[in-house]
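Naming: A, B, ... by sequence-line order, numbering from 1 per chain. Computed from a predicted structure; not experimentally measured.
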Amino acid sequence: GAGVSQSPRYKVAKRGQDVALRCDPISGHVSLFWYQQALGQGPEFLTYFQNEAQLDKSGLPSDRFFAERPEGSVSTLKIQRTQQEDSAVYLCASSLEVTLASTSYEQYFGPGTRLTVT
Amino acid sequence: GENVEQHPSTLSVQEGDSAVIKCTYSDSASNYFPWYKQELGKRPQLIIDIRSNVGEKKDQRIAVTLNKTAKHFSLHITETQPEDSAVYFCAARGGLGSARQLTFGSGTQLTVLP
């Protein structure tokens with residue numbers, strides 16, 4: 001089936017501009033995660049949704065970062081007044097992770113959006 | 001919070017040799033440990049994982065071992081091939097009631113020399 005998709009794949013923004021990054025998770029996946037990956041580093045957690053509820057946003061680096069998943073499927077990560085330090089690859093991952101009889105912890109990643117702030 | 005240390009940061013092996021990458025974690029409540037392979041410019045791909053109630057898991061040429069007491073886990077790749085060249089990341093997931101996100105190691109650049 002279709003995997004996680006993200007758009008745009010590349011985004012160049014001038015410092016101070018707002019950007020919106022989209023994630024389409026695997027259909028039926030309950031959990032959705034956003035990660036930030038700097039060059040040469042491992043992904044770092046930003047925020048987590050279970051269906052439409054944002055249960056953890058402890059990784060968002062500042063109040064310029066905002067994420068939503070209003071209908072429990074597609075998610076958008078918005079960055080306001082972009083700064084050069086926001087330049088990174090933004091990865092979305094989804095997981096089935098039901099918490100009843102069986103649990104599935106596997107997280108499947110999208111291709112990422114490479115954001116460059118000039 | 002969870003902290004995951006990974007080493008070595010770079011590893012070069014001859015084709016056909018084995019490669020071992022090691023990780024340690026800090027949160028004893030962590031219960032799930034995946035390994036991802038990431039080629040340049042591509043998404044991280046899950047290659048194998050292990051849960052905290054299992055000590056070892058194998059899938060063809062790759063295997064993962066977990067030592068809960070010592071809080072470390074390792075990736076073993078046997079009969080390496082040039083297409084195994086990539087960056088490998090280990091990760092840990094918090095246990096019940098803890099954070100559900102993955103905390104990643106800093107990555108190992110594996111190069112398999114033909």
Side-chain angles (χ1 to χ4, degrees), chain A residues 2-7 9-10 23-26 29-51 53-60 67 88-100 102-114, chain B residues 1-10 21 23-25 27 29-54 57 59 64 66 75 86-109:
Chain A
V4 179
S5 60
Q6 292 185 245
S7 61
R9 291 295 314 280
Y10 304 91
C23 171
D24 284 82
I26 294 172
H29 276 198
V30 170
S31 297
L32 185 146
F33 303 82
W34 283 97
Y35 294 87
Q36 180 189 62
Q37 186 174 28
L39 191 64
Q41 303 292 320
E44 291 194 356
F45 170 74
L46 294 176
T47 187
Y48 157 63
F49 290 86
Q50 185 176 85
N51 296 306
Q54 188 175 21
L55 298 187
D56 189 341
K57 54 182 181 179
S58 62
L60 296 177
V89 175
Y90 290 86
L91 293 165
C92 173
S94 72
S95 175
L96 185 58
E97 199 153 347
V98 292
T99 57
L100 296 175
S102 64
T103 53
S104 172
Y105 298 139
E106 293 88 346
Q107 291 188 22
Y108 297 95
F109 283 83
T113 295
R114 180 177 297 279
Chain B
E2 175 69 276
N3 182 51
V4 176
E5 304 271 347
Q6 180 174 349
H7 60 94
S9 56
T10 61
I21 303 170
C23 290
T24 60
Y25 61 99
D27 185 357
S30 290
N31 66 353
Y32 172 70
F33 306 91
W35 287 87
Y36 286 86
K37 175 184 180 182
Q38 189 175 32
E39 298 177 48
L40 191 62
K42 300 286 183 65
R43 72 185 76 195
Q45 284 192 305
L46 178 67
I47 57 171
I48 196 167
D49 57 12
I50 193 167
R51 298 199 181 195
S52 57
N53 59 348
V54 176
K57 183 177 178 181
D59 182 4
V64 56
L66 171 65
L75 177 70
V87 178
Y88 291 80
F89 292 99
C90 62
R93 177 193 182 278
L96 187 64
S98 301
R100 298 187 180 189
Q101 68 268 23
L102 298 176
T103 300
F104 285 82
S106 55
T108 296
Q109 173 70 63

Open item on the list: Which atoms of B:Gln6 are under 4.5 Å from chain A, going by heavy atoms: the side chain, the backbone, both sets, or neither?
Closed with: neither

- [ ] Write down the atom of B:Phe89, the atom of A:Gln37, and the distance for their closest heavy-atom approach.
- [x]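 The pair with the smallest heavy-atom distance is CZ-NE2, 3.6 Å.
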
Task: Exercise: identify the closest heavy-atom pair between A:Phe33 and B:Gln101 - done: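 Minimum heavy-atom contact is CE2-CA, 3.7 Å.
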
- [ ] Count the heavy-atom pairs under 4.5 Å between each of B:Asp49, B:Val4, B:Val87, B:Leu102 and chain A, then report the option with the highest count.
- [x] B:Leu102

- [ ] Tell me, out of B:Pro44, B:Ser106, B:Gly107, who's got the most heavy-atom pairs with chain A below 4.5 Å.
- [x] B:Pro44

TODO: State, yes or no, whether a side-chain contact exists between A:Phe45 and B:Glu2 at a heavy-atom distance under 4.5 Å.
DONE: no

Task: Derivation and outcome, side chain to side chain contact (heavy atoms under 4.5 Å, CB included), residues B:Arg100 and A:Gln50 - done: CA-CA 10 Å; B:Arg100 298 187 180 189; A:Gln50 185 176 85; 2.8 Å; yes

- [ ] For chain B, find which of A:Gln6, A:Glu44, A:Glu106 contributes the most heavy-atom pairs closer than 4.5 angstrom.
- [x] A:Glu106

Open item on the list: I need the B:Phe104 CZ to A:Tyr35 OH distance, nearest 0.5 Å.
Closed with: 5.5 Å

Task: Part of A:Tyr105 lying under 4.5 Å from any heavy atom of chain B - done: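 Its backbone and side chain both get close to chain B.
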
Open item on the list: Determine whether a donor-acceptor pair (N or O, by modelled atom type, separation under 3.5 Å) exists between the side chain of B:Arg43 and the backbone of A:Val4.
Closed with: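 Yes: the side chain of B:Arg43 pairs with the backbone of A:Val4.
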
